[in-house]
Amino acid sequence: MFFNNCVNRDHQKLFGPGAFFDLEARGSQAALALELQPGDICIVARYGDKERTVVDFSWYSFTEETNQLDEKGTPARVLRGVLNKSESLSKIEAACDARYQHMFDKNGNFKRPSVLKRPTAA
């Protein structure tokens, strides 16, 4: 599963060790990523520079979901895991890379959904 952290939230600072992404506990995000199982690979993309020309990809093994309040006191579903590897690519390279290209639109910008499922092989 792929997660778009284009607002560059620092999940570990907000929610503690192992946190790699959060979703709203209510509303449209409440129904996302419900099928995650321990050991599933989750890839989080975020901008790696202020100019937004570099994208950092972090690969996690999902361990658990916890419920916490975010910095505004809003209930959040916090995804936790173990970091397996990280890599940085230029945004242009990332948008063309077969592993990541479905996270980007035809103009090379992040797609708007926070969560994207891994495409299935045909």
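Side chains included, hydrogens not; waters and symmetry mates left out as well; all remaining heavy atoms used.
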How many angstroms lie between atom [atom1] of [X] and atom [atom2] of [Y], to the nearest 0.5 angstrom?
{"X": "Leu36", "Y": "Thr63", "atom1": "CG", "atom2": "OG1", "result": "10.5 Å"}
{"X": "Lys85", "Y": "Ser58", "atom1": "NZ", "atom2": "OG", "result": "11.0 Å"}
{"X": "Ile43", "Y": "Met1", "atom1": "CD1", "atom2": "CE", "result": "11.0 Å"}

Taking [X] for its side chain and [Y] for its backbone only, find out whether a donor-acceptor pair lies under 3.5 Å.
{"X": "Asn5", "Y": "Arg46", "result": "no"}
{"X": "Asp97", "Y": "Arg99", "result": "yes"}
{"X": "Asn4", "Y": "Lys111", "result": "yes"}
{"X": "Arg77", "Y": "Leu32", "result": "yes"}

For the hydrophobic clusters of this structure (ILVMFWY residues joined by side-chain heavy atoms under 4.5 Å, transitively), does one cluster hold both [X] and [Y]?
{"X": "Val82", "Y": "Val78", "value": "no"}
{"X": "Ile92", "Y": "Phe110", "value": "no"}
{"X": "Tyr100", "Y": "Val54", "value": "no"}
{"X": "Leu14", "Y": "Leu79", "value": "no"}

Give me the atom names and distance for the closest heavy-atom approach of [X] to [Y].
{"X": "Glu24", "Y": "Gln29", "answer": "N-OE1, 2.7 Å"}
{"X": "Phe62", "Y": "Cys42", "answer": "CB-SG, 3.9 Å"}
{"X": "Ser114", "Y": "Leu23", "answer": "CB-CD2, 4.4 Å"}
{"X": "Asn84", "Y": "Ser61", "answer": "ND2-OG, 2.8 Å"}
{"X": "Ser86", "Y": "Leu83", "answer": "OG-CD1, 3.7 Å"}
{"X": "Arg80", "Y": "Pro17", "answer": "NH1-O, 2.8 Å"}

- Task: Fit a plane to each ring of Phe57 and Phe104, take the angle between them on a 0 to 90° scale, and name the class: parallel (under 30°), tilted (30 to 60°) or perpendicular (over 60°).
- Result: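 Rings of Phe57 and Phe104: perpendicular, over 60°.
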
- Task: Answer whether the closest heavy-atom distance between the side chains of Asp70 and Arg9 falls below 4.5 Å.
- Result: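 Of all side-chain heavy-atom pairs linking Arg9 with Asp70, at least one is under 4.5 Å.
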
- Is Lys13 salt-bridged to Glu71, cutoff N-O under 4.0 Å?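 No, Lys13 and Glu71 are not salt-bridged.
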
- Task: Among Phe21, Phe2, Phe20, find the residue that satisfies the ring pair (Phe, Tyr, Trp, His ring centres under 6.0 Å) test when tested with Tyr60.
- Result: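 Testing Tyr60 for a ring pair (Phe, Tyr, Trp, His ring centres under 6.0 Å) against Phe21, Phe2, Phe20 leaves exactly one candidate, Phe20.
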
